[in-house]
Amino acid sequence: MKPFYIFNTLSRNVEQFRPGHPPTVTYYSCGPTVYLPQHLGNMRAYVFVDTLKRALRFNGFQVHHVMNITDVGHMTSDADGGEDKIEKTARAEHKTPQEVADFYIAQFKRDCARLNIELPQPPMLCRATDHIGDMIDLIKRILDRGLAYVTPSGVYFDVEKWRGPSQLGRLSRQSLAEQDAGQRLEHSPDKKSPHDFALWVLNQPNHLMQWDSPWGRGYPGWHIECSAMSMKYLGPTLDIHSGGLDHIPVHHENEIAQSEAATGRPFVRYFVHNAFLVGMEGVKISKSAGKFPVLDDLTDEGLNPLAFRLLCFGAKYRSELAFSLEAVRAAQRNLDYLLEFVRNLGGEAVDTVDDSGWVSAYAERFHEAINNDLNTPQALACTLEMVAESYRRRDFRVWNTLRRFDTLLGLNLEQFLQQTREAIFPAEILRLRDEREQARRARDFDRADQLRRELEARGYQIRDSKTGSVLMPKRVAP
RNA sequence: GGCGGCGUACCCAAGUGGCUAAGGGAGAGGUCUGCAAAACCUCGAUGCAGCGGUUCGAAUCCGCUCGCCGCCUCCA
């Protein structure tokens, strides 16, 4: 078994991955906040989560994955620090917060499905509002240990008491004193230290979403949901916790603090953070200025959602990826190339033959790339090169390896192969095909070309070869 | 003010001390083809923002300069 290496933000190093209880891996990833559509930058993060999960399985691990859905905004303590975003949307759209959340959750799930991102099943895909009780219990435990205190404006985590100030900042490598230098917000006078953060917020009567608690009516603080839900389903110590780079300095720092304060045990073994999708400003597909593109913008352009998935593989998860329509189109070309190859396999008895010997070198390379901190660009290059060599050799005995690659890439190649084999064309289309064949045989090429254009207008493509004409749906998915 | 990151061909991007700097897109030429498509072949950075340094050897390490960005406040 090959060792799997991953960059751990805790050590700022690529480390060999060793879960606490192999082959089980407990994995918690930060999920969506559902008051707006998830834009493509968000979706890149979920493609990354999915890829990490697949990579772990590729290596024989059994992944227990939990993802949260934040359906309550996390406001901190500032009196006028802002409105809960879900509530804001709810007011704007004249809906209840629940309705807003449900709407965007459905959209999120749909987009994930289109990108072939496998989400956990409930309860492992968990909503914050379903776990208020768990959060309250966790806060109680922190209070019992004397590491939090109750004030009129809320329950705060006591950073000073928790093993001293130097502990906070471990992830961001920024001491509290350094953070102070640029403080821009006013702090609640109830806080003992400006770094203390809210576990439970009280006396904010304007908020629509409120729950009873031992300390009074209010709502949970910003970070507590992740601690409560992750530990509820996965235990006090997680093997992996992932999220966006932006979460390092505050959210994850505080999560560590409050979780370890409650349990006295290490919270996370491997923190993994993904970089952003950037360069969206110049992209014309934005429906309005300042609005980030969403998956629908790509499908509107006739692009396959899986092309976006493939685009994500073009850069390492820890590198920013410059987004543009041109880049997605390039990815679409790669996707077409692979699908075309699979289509060509359709006629062969690919499932029943062993792969050729030369293929194993690619399998080796692929696995190594993946295990090297998820080097998807190299894994992708390896895949494309293998296909090219297959064409060159006219030796198509590579399907078992390719399909194995696809358990990682998630491009649905197997499903595509089945569809290709089972493709059923409407009688009308077959009639046009036959008519065109007759025209070709009669060397009436004007008529043949006209019929081809007609087929294309109906979404079908025809390709001539020595062995005959092949009919197929146009490749770009709607 | 602090912390962190980035700058590799027209575009996306891997590579972080040592074979000819992956791969893809776009482009050029060619093979095949009634046409088209697909596929295949060939070409493409003597150079990795700039300057200096360390080293037998650097895109890769160090320093400075220029440019860009993220975070410290909701944010993947």
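Convention: sequence-line order gives letters A, B, ...; per-chain numbering from 1.
For A:Asp449, the side-chain atoms get nearest to B:C35 when compared with the rest of B:C35, B:G15, B:A76. The listed nucleotides are B:A13, B:A76, B:C35; the one nearest the side chain of A:Thr33 is B:A76. Nearest to the side-chain atoms of A:Lys316 among the listed nucleotides B:G34, B:A76, B:G15 stands B:G15. If you check B:C75, B:G34, B:A22 against the side chain of A:Arg436, the one that comes closest is B:G34. Of the candidate nucleotides B:C75, B:C69, B:G25, B:C75 has the atom nearest to the side chain of A:His247. Among the nucleotides B:G25, B:A13, B:C75, the one closest to the side chain of A:Pro377 is B:A13.
Remark: the separation of the P atoms in B:G2 and B:G17 is 30 Å, to the nearest Å. For the P atoms, the distance linking B:C11 with B:G27 amounts to 15 Å, nearest Å. Comparing B:C3 with B:U20, their P atoms are spaced 41 Å from each other, to the whole Å. For the P atoms, the distance linking B:U31 with B:G52 amounts to 48 Å, nearest Å. Comparing the P positions of B:C6 and B:G15 gives a spacing of 11 Å, expressed to the nearest Å. Rounded to whole Å, the P atom of B:A14 lies 14 Å from the corresponding atom of B:A49. Taking the P atoms as reference points, B:G47 lies 33 Å from B:G70, given to the whole Å. The separation of B:A39 from B:C12, taken at their P atoms, amounts to 24 Å, rounded to a whole angstrom.
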Step-by-step side chain to side chain donor-acceptor pair (under 3.5 Å) determination, A:Thr51 to A:Tyr317: CA-CA 10 Å; A:Thr51 306; A:Tyr317 73 94; over 6 Å; no
CA sep, side-chain torsions, deciding dist, call: A:Val49, A:Ser29, side-chain contact (heavy atoms from CB on, under 4.5 Å): CA-CA 7 Å; A:Val49 167; A:Ser29 61; 3.6 Å; yes
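Spacing between atom CD of A:Glu368 and atom P of B:A14 amounts to 19 Å, rounded to whole angstrom units. B:A37 atom P lies 17 Å from atom CG of A:Asn344, rounded to whole Å. Between the CG atom of A:Leu321 and the P atom of B:C69 there is a distance of 17 Å, rounded to whole Å. For A:Asp111 and B:A76, the CG to C1' distance is 14 Å, given to the nearest whole Å. The CZ-P distance, from A:Phe313 to B:C12, rounds to 20 Å in whole Å. Separating the OH atom of A:Tyr46 from the C1' atom of B:A76 is a distance of 6 Å, rounded to the nearest angstrom. Remark: P of B:C72 and CG of A:Leu245 are 12 Å apart, rounded to the nearest angstrom. As a whole-Å value, the separation of A:Asp446 CG from B:A36 C1' is 14 Å.
A:Ala388 comes within contact range of the sugar-phosphate backbone alone, with a heavy-atom separation under 4.0 Å but no base atom that close. Counting any heavy atom pair closer than 4.0 Å across all strands shown, A:Leu384 reaches sugar-phosphate atoms only and no base atom. Contact annotation for A:Ala381: base contact, defined as any heavy-atom pair under 4.0 Å involving a base atom. Residue contacts for A:Tyr391: at a heavy-atom cut-off of 4.0 Å it reaches the sugar-phosphate backbone alone, with no base atom in range. Residue contacts for A:Glu385: at a heavy-atom cut-off of 4.0 Å it reaches the sugar-phosphate backbone alone, with no base atom in range. Contact annotation for A:Asn334: backbone-only contact, meaning every heavy-atom pair under 4.0 Å involves sugar-phosphate atoms and none involves a base. Contacts of A:Arg447 with the nucleic acid, taken as non-hydrogen atoms under 4.0 Å apart, are absent.
Side-chain N/O atoms of A:Arg452 and base N/O atoms of B:A36 include a donor-acceptor pair closer than 3.5 Å.
Along RNA chain B, the nucleotide nearest to A:Arg318 and the one nearest to A:Ala45 differ in position, and the one closer to the 5' end is contacted by A:Arg318. The residue among A:Cys382 and A:Gln378 whose nearest nucleotide of RNA chain B lies closer to the 5′ end is A:Gln378.
Counting only N and O atoms by type, the side chains of A:Asp71 and A:Tyr104 include no donor and acceptor under 3.5 Å apart. No hydrogens or angles considered: nothing links the side chains of A:Ser360 and A:Glu364 as a donor-acceptor pair under 3.5 Å. Checked by atom type, the side-chain pair A:Trp358/A:Asp395 shows a donor-acceptor distance below 3.5 Å. Side-chain contact of A:Lys53 with A:His65: a donor-acceptor pair under 3.5 Å is present, judged by distance alone.
Taking 4.0 angstrom as the limit, A:Arg44 places none of its side-chain polar atoms (N or O) nearer than this to OP1 or OP2 of B:C75. Taking side-chain N and O atoms only, A:Arg333 has a distance below 4.0 Å to OP1 or OP2 of B:A26. Taking 4.0 angstrom as the limit, A:Ser319 places a side-chain polar atom (N or O) nearer than this to OP1 or OP2 of B:A14. Contact check, A:Tyr362 against B:A22: no side-chain N or O comes under 4.0 Å of OP1 or OP2.
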Pairing pattern in dot-bracket form [Watson-Crick, G-U; both distances under 3.5 Å; | = partner strand] for RNA chain B: ((((((((.[[[..)..(....]]].(((((.......))))).....[[[[[..)....]]]]])))))))....
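Here the two rings, on A:Tyr46 and A:Phe108, have centers that are under 6.0 Å apart. Taking the centre of each ring, A:Phe17 and A:Tyr270 come in below the 6.0 Å mark. Aromatic ring centroids of A:His252 and A:His241 lie under 6.0 Å apart.
Rounded to the nearest 0.5 angstrom, A:Met229 CE and A:Met135 CE are separated by 5.0 Å.
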